[in-house]
Amino acid sequence: MYSSIATVCLSGSLEEKVDAIAQAGFEGLELFENDLTAFTGTPREAGELVRSRGLKLVTLQPFRDFEGLQGHARERAFDRAEHKFDLMEELGTDLLMTCSTVHPDSLPGLSRAADDFYELGERAARRNMRVAYEALAWGRHIHDYRDSWEVVRRAAHSSVGLVLDTFHIFSRQTELGTIGRIPGDRIFLVQTADAPRLSMDHLSWSRHYRCFPGQGELQMDSFMAMLQETRYDGPLSHEIFNDVFRMGHSDQTARDGLRSYHLLRSMQDDSGIPAPQPIESVAFLEIAVEPADLVPLRELLSALGMACVGRHHTLNAERWAAGDVNLVLNTEAGFTGRVPGRDATAITAIGLKVSNAYEAFKRADKLGYDIIEPEEVGASHRMSALRNVDGSLSYIIDDSQLSRTWDREFPVDVQPIPGGALVDIDHISVALSYHDYLSLMLQYRAIFQLEITPSFDVTDPRGLIQSQVLQNYNGRFRLALNASASPNTASNRFVRQYGGSGIHHVALRTESMRATSAALQQAGTQVLPIPGNYYRDLAARFDLPAQTKTWMQDHHILFDQDGSGEFHQLYAQQLAHQAFFFELVQRDGYQGLGAPNAFVRVTAQQRLEAETLAAHMDGNDLDTRHHNTDESAS
Ligand code: MG
Ligand code: MG
């Protein structure tokens, strides 16, 4: 098999698309006819453009509404095909991709269609060309690959073969077993696309929501296993119609496309790519701290029961810990992990613990991800990392490496790690542009073994935020990805204010919200105020003792419950230059991230921002909070 992608996947002109596809490292491309029609050169020049970049022109697509016609309409269909053959001759490609008809005058019947394809095969063969037949999920008569295969089988012509398109197969929930019985040499093209599971008509779902395998929810591994049965050896070609890809950066899309191709190949036994491992836990987070935030941040962490348990041997960096929570506060002015252009207290690296880091990097490398070695970032530690789409680093480490890193790098003023209520990092939430959302989704799901929850919407006062959670098997890794189409939602304001996507909040898990909230209150820590109406609603929704409700209201604690247990949440206010905020949670069997409370939190934060801005404007002190305000909305 070899890698290919349809030009329709990318944004830009044909030249831009071809460049992006070639630079990403694809071997072939499918030319979508609209891209040719809008091209200013001749078809011959389009073909030369593709070949000059070292790419094979796999097919011209699509040819529509061909089969099942009668009389003059049928003759016209063959004339149109001859016209396509002329174009293909000039382009220098031999394969015409034909989709099942949606023509209102077309007649049903597998044999009728097979006769049409036999004749088309004869005409194609005379010109050394081939025809491939695809069952569209919304085809008028043929919308099941088993029927398109039956047409191809009955046509029994060596120039007529089958197209398998994973979207069309999965969107109609067709069984996959028949695929394994199709001889590989009768399949001329395999088109790959994933998608979120949505309940809508097939056409709209296909035209707007397809995504690269690894970004959606379809069972691509089952398909690849069946495909292996056929011994198919042709192009594996992404065909993605996606609104975000159409808007996005072709280079980024094409690079992700090739990684997704490698991900598909890794699903077959002979790939030589190590299997994905689960992320075991978040080993640490590294925070670039603005000098003015250092003292209040230390105070906040102390109030949470954390302590400085070691200092770096050469850099201005401190390791703070409690239970399994580890935070590195780095105040080096030009420290290399820092995200370019993010002039704020921000999370610049995440440590992901796996059981075998070497194998995880080998997999990442084979999938086409760049690995950053410690020397490249001028670090004295020996941990390699991935560069995330937001500019931050993901260190991938295993147990022995982690202990050695702490011992070697933070040997000054070593203190024991405090026990107490704070036990772990519960979840991390990332605000992303839509394009980065899909990229980061692919990165995590391609490299690691993670589960994905269905996507849901958070109601922000200024629009909807789409959210989806990636999690591991034991609940010690939860990552929420958030993106929004509305310009002024919390996630998009983050993206704009801090020069791109990034970590938006970190939730630390406490075993006792009572102890943690009391400690915060005693230390005078500013928490996010929650309106009284929330607690009236809570009393109506849940059967809570009055005392418990009063305690929650006094400490601004949010609450939720699911079939598995209870969840308590509390938010610390952001420091003057802090891009992210801390959440505290107590999780007693509860599975989610408190999604039903998200709109209350988002609204409370926006109210607080507005009040803080107003207070500073009164005091002519605009500078100190400017990071936390939205210039365009003020
Ligand atoms: Mg297709
Ligand atoms: Mg949260």
Side-chain angles (χ1 to χ4, degrees), residues 4-9 30-33 58-64 95-100 102 132-139 142-143 145 148 162-172 187-195 202-203 205-207 210 213 218 223 235-242 282 425-431 453 456 458 465 467-471 478-482 490-491 494 503-510 528 557-560 567-572 580-587 590-602 604-605:
S4 169
I5 185 168
T7 54
V8 73
C9 301
E30 292 181 58
L31 181 60
F32 190 62
E33 198 169 351
V58 170
T59 184
L60 174 68
Q61 64 125 312
F63 180 48
R64 298 185 193 279
L95 185 64
L96 182 64
M97 209 228 57
T98 308
C99 23
S100 59
V102 297
Y133 185 40
E134 170 186 61
L136 289 180
W138 54 92
I142 303 248
H143 42 67
Y145 79 89
S148 53
L162 185 67
V163 180
L164 290 177
D165 179 312
T166 59
F167 180 86
H168 296 306
I169 295 170
F170 282 113
S171 65
R172 296 199 72 107
I187 304 170
F188 285 0
L189 179 63
V190 173
Q191 292 180 320
T192 47
D194 203 340
H202 295 112
L203 180 60
W205 187 13
S206 174
R207 290 277 161 83
R210 285 185 180 220
L218 307 181
F223 174 82
L236 197 61
S237 189
H238 293 313
E239 189 193 29
I240 319 291
F241 308 89
N242 182 296
V282 177
I425 292 172
D426 184 85
H427 65 266
I428 294 168
S429 185
V430 195
T453 65
F456 56 92
V458 170
I465 300 173
S467 190
Q468 200 155 15
V469 181
L470 297 171
Q471 59 191 32
R478 289 184 167 93
L479 183 76
L481 307 185
N482 302 283
S491 69
F494 178 100
I503 291 179
H504 169 263
H505 76 266
V506 174
L508 307 177
R509 186 158 68 249
T510 171
L528 181 70
I557 292 165
L558 300 159
F559 177 80
D560 193 32
F567 195 55
H568 294 80
Q569 301 168 275
L570 169 65
Y571 295 94
F580 70 101
F581 55 90
F582 283 108
E583 174 183 0
L584 283 309
V585 305
Q586 183 179 343
R587 179 187 292 281
Y590 180 87
Q591 292 301 307
L593 302 187
N597 291 326
F599 79 99
V600 180
R601 186 256 297 166
V602 169
Q605 285 174 322

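In each ligand, atom 1 is the first atom listed, and ligand 1 is the first ligand listed. Throughout, numbering of the chain's residues begins at 1 and tracks the sequence. Side chains included, hydrogens not; waters and symmetry mates left out as well; all remaining heavy atoms used.
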F599, CZ: over 12 other non-hydrogen atoms inside 6.0 angstrom: no
In Å, rounded to the nearest 0.5 Å, how long is the span from OH of Y133 to SG of C99? 9.5 Å
Tell me, which protein N/O/S atoms are under 2.8 Å away from the Mg ion (ligand 2)? H427 NE2, H505 NE2, E583 OE1
2.8 Å cut-off met by an N, O or S atom of Q191 to the Mg ion (ligand 1): yes
Does the side chain of E583 come under 3.5 Å of the side chain of H427 through a donor N or O and an acceptor N or O? yes
Rounded to 10°, how many degrees is the angle OD2/D165-the Mg ion (ligand 1)-OE2/E134? 90°
Approximate separation, where rounding is to 0.5 Å, of H505 NE2 and I503 CD1: 10.5 Å
Could you tell me if the ring centre of H568 sits under 6.0 Å from that of F559? yes
Working to the nearest 0.5 angstrom, can you tell me the gap between T192 OG1 and E239 CD? 9.0 Å
Checking distances from the Mg ion (ligand 1), one finds that the N, O or S atom of E239 closest to it is OE1
Can you label the angle between the H168 ring and the W138 ring as parallel, tilted or perpendicular, going by 30° and 60°? perpendicular
